[in-house]
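Every chain is numbered from 1, with letters handed out A, B, ... down the list of sequences. All values reported here derive from a predicted model rather than from experimental measurement.
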Protein chains: 2
Amino acid sequence: MKELEKQLQEKQIKPTAMRLVVLDYLLKQTSAVSLTDMEVSLKKTDRVTLYRTVKTFEEHGLVHRVEDGTGVTKFALCQPDCTANGHHDLHIHFYCTNCKETHCLPRTHIPEIMLPDGYDRQEINLLVKGLCAACKK
Amino acid sequence: MKELEKQLQEKQIKPTAMRLVVLDYLLKQTSAVSLTDMEVSLKKTDRVTLYRTVKTFEEHGLVHRVEDGTGVTKFALCQPDCTANGHHDLHIHFYCTNCKETHCLPRTHIPEIMLPDGYDRQEINLLVKGLCAACKK
DNA sequence: GCAACGCATGCAATCGTAGTGCATTATTTC
DNA sequence: GAAATAATGCACTACGATTGCATGCGTTGC
Ligand SMILES: [Mn+2]
Ligand SMILES: [Mn+2]
Ligand SMILES: [Zn+2]
Ligand SMILES: [Zn+2]
């Protein structure tokens with residue numbers, strides 16, 4: 001349990017009981033989760049508290065939000081090099097149209113994009129939809 | 001006006017009064033629009049009718065939806081080669097963090113993505129956020 | 001022309017998620 | 001331990017998406 005506390009403190013997040021539960025839950029996930037997912041899995045937790053917990057996590061560079069085109073925001077743990085000053089784990093997200101799961105693909109790099117003249121890039125979101133490895137078989 | 005009717009019929013969409021109004025409006029836009037945008041601009045139109053109109057357009061390959069991370073779905077006219085069997089105008093979308101407009105960049109091609117083994121790509125959504133040419137100055 | 005049919009439209013209502021306000025509770029500081 | 005500060009829980013609001021249903025309207029067969 002001390003391990004979880006340390007992970008929070010490294011990101012300057014005070015380790016409350018609720019936050020430890022949420023972090024523990026996030027560490028066990030293999031795909032990005034919505035607030036509703038969390039609410040269902042972690043019984044007895046208030047949705048708004050979860051909302052503010054992941055918001056805090058996001059602001060401190062512990063989780064990033066994933067936009068997978070379903071309309072509901074999902075969250076996943078960041079790679080280690082994210083901080084409160086910004087998220088640096090630029091990677092692809094994959095949405096499986098069969099199992100509806102959304103995966104981070106941190107190994108898959110985003111290629112350089114040539115924008116038209118005058119456009120100034122600040123951020124890139126690359127979402128690939130299709131069948132995940134488990135569903136393809 | 002016959003021109004508009006023809007455009008609908010080419011996509012197998014029956015040209016009703018409402019649909020002509022919506023298509024005319026979409027042709028005049030320089031950025032993707034939300035249902036609320038349409039509702040405000042086209043007075044006296046019912047939101048649900050607009051919803052179903054663009055849905056019909058989308059199903060027939062006349063418009064495509066644009067997910068720009070704002071949480072609200074936007075729509076824009078397709079390139080000519082989209083049909084009811086699928087949208088084929090794979091291109092980048094650009095969201096300007098200053099003016100909040102979302103542009104299709106149909107000239108900017110999406111580079112090839114190498115996915116991990118087992119993943120099967122069906123669709124790609126590439127969203128770039130930053131400053132548009134007008135706002136950068 | 002007219003009746004019957006099917007699709008399009010408009011209105012009301014529901015649903016689901018995001019977000020805010022505020023009182024209560026826990027934690028830190030002195 | 002008391003005061004100050006931060007986190008939590010509950011109530012409620014906001015808003016876009018979506019459905020159900022009644023009505024309107026154009027097309028077709030007669
Ligand atoms: Mn990710
Ligand atoms: Mn587009
Ligand atoms: Zn899958
Ligand atoms: Zn702009």
Side-chain angles (χ1 to χ4, degrees), chain A residues 1-2 4-5 8-9 11-26 32-60 62-76 84 95 100 102, chain B residues 1-2 4-5 8-9 11-26 32-60 62-76 84 95 100 102:
Chain A
M1 274 299 163
K2 287 299 169 198
L4 290 177
E5 290 192 25
L8 290 181
Q9 278 160 346
K11 303 280 184 174
Q12 327 290 338
I13 302 167
K14 288 187 212 164
T16 67
M18 177 89 273
R19 289 168 181 173
L20 291 170
V21 168
V22 173
L23 175 57
D24 181 55
Y25 171 77
L26 288 173
V33 292
S34 67
L35 280 184
T36 304
D37 292 333
M38 294 167 111
E39 200 183 9
V40 169
S41 297
L42 308 174
K43 309 267 192 259
K44 305 280 181 192
T45 57
D46 181 63
R47 185 185 184 89
V48 179
T49 304
L50 289 172
Y51 168 78
R52 288 191 269 230
T53 300
V54 292
K55 193 178 177 199
T56 300
F57 284 6
E58 188 189 13
E59 286 164 356
H60 288 76
L62 182 57
V63 306
H64 62 279
R65 73 179 50 216
V66 183
E67 293 152 5
D68 65 1
T70 60
V72 299
T73 306
K74 293 178 184 166
F75 300 90
Y95 175 73
K100 318 294 187 200
T102 303
Chain B
M1 275 303 160
K2 286 298 170 197
L4 290 177
E5 290 192 24
L8 289 181
Q9 277 161 346
K11 303 280 185 174
Q12 325 291 338
I13 302 168
K14 288 188 211 164
T16 67
M18 178 89 272
R19 288 168 181 175
L20 291 170
V21 168
V22 173
L23 174 57
D24 181 54
Y25 171 78
L26 288 173
V33 292
S34 67
L35 279 185
T36 304
D37 292 334
M38 295 167 108
E39 201 182 9
V40 169
S41 297
L42 307 174
K43 309 264 191 264
K44 306 282 182 188
T45 57
D46 181 63
R47 184 186 184 88
V48 179
T49 304
L50 289 172
Y51 168 78
R52 287 192 269 233
T53 299
V54 292
K55 193 176 177 201
T56 300
F57 285 6
E58 188 189 14
E59 287 164 356
H60 287 76
L62 182 58
V63 307
H64 60 280
R65 73 177 52 213
V66 183
E67 292 150 5
D68 65 2
T70 60
V72 299
T73 306
K74 293 178 184 166
F75 299 89
Y95 175 73
K100 319 291 187 202
T102 303

Interatomic distance where CG belongs to B:Leu50 and P belongs to D:dA17 [whole Å]: 12 Å
Among A:Leu50, A:Asp24, A:Asp37, side-chain contact (heavy atoms from CB on, under 4.5 Å) partner for A:Leu42: A:Leu50
Touch class at under 4.0 angstrom, heavy-atom based, for B:Val72 against every strand present: sugar-phosphate
Separation of atom CG in A:Asp37 from atom C1' in C:dT17, rounded to whole Å: 13 Å
B:Arg19 side-chain N/O to B:Lys14 backbone N/O, donor-acceptor pair under 3.5 Å: yes
End axis versus end axis in the helix from C:dG1-D:dC30 to C:dC30-D:dG1, the angle rounded to 10°, five pairs used at each terminus: 20°
5' precedence on DNA chain D between B:Arg52 and B:Lys74 (nearest-nucleotide basis): B:Lys74
Atom-pair distance (CG on A:Leu8; C1' on C:dT27), nearest Å: 15 Å
Sugar-phosphate, base or nothing in reach of B:Thr49, heavy atoms under 4.0 Å: base
Side-chain ion pair, B:Glu58 and B:Lys55, N-O less than 4.0 Å: no
Sugar-phosphate only, base, or nothing, as touched by A:Ser34 at under 4.0 Å among non-hydrogen atoms: nothing
Proximity to the side chain of B:Thr53 - top-ranked nucleotide from D:dT8, D:dA17, C:dT9: C:dT9
5' priority, DNA chain C, between B:Arg19 and A:Lys55 [closest heavy atom]: B:Arg19
Short side-chain N/O contact to C:dA26 OP1/OP2 from A:Thr16, under 4.0 Å: no
Closest contact, heavy atoms only, B:Lys74 versus B:Ser34: CG-N, 3.9 Å
Side-chain heavy-atom pair B:Thr102, B:Val33 within 4.5 angstrom cut-off: no
Separation of D:dG26 P from B:Met18 CE (nearest whole Å): 15 Å
Heavy-atom closest pair, residues A:Leu23 and A:Phe57: N-CE2, 4.2 Å
Integer-rounded Å distance: C:dT24 P and A:Asp46 CG: 16 Å
B:Leu35 CG - D:dT19 P separation (whole Å): 14 Å
Rounded distance (Å) that lies between atom C1' of C:dG6 and atom NZ of B:Lys14: 7 Å
Sugar-phosphate only, base, or nothing, as touched by A:Thr73 at under 4.0 Å among non-hydrogen atoms: sugar-phosphate
From D:dA17, C:dA12, C:dA18, nucleotide with atom closest to B:Tyr51 side chain: D:dA17
Whole angstrom value for the distance that separates C1' of D:dA17 from CD of B:Glu58: 13 Å
Minimum side-chain heavy-atom gap A:Tyr51-A:Asp46 below 4.5 Å: no
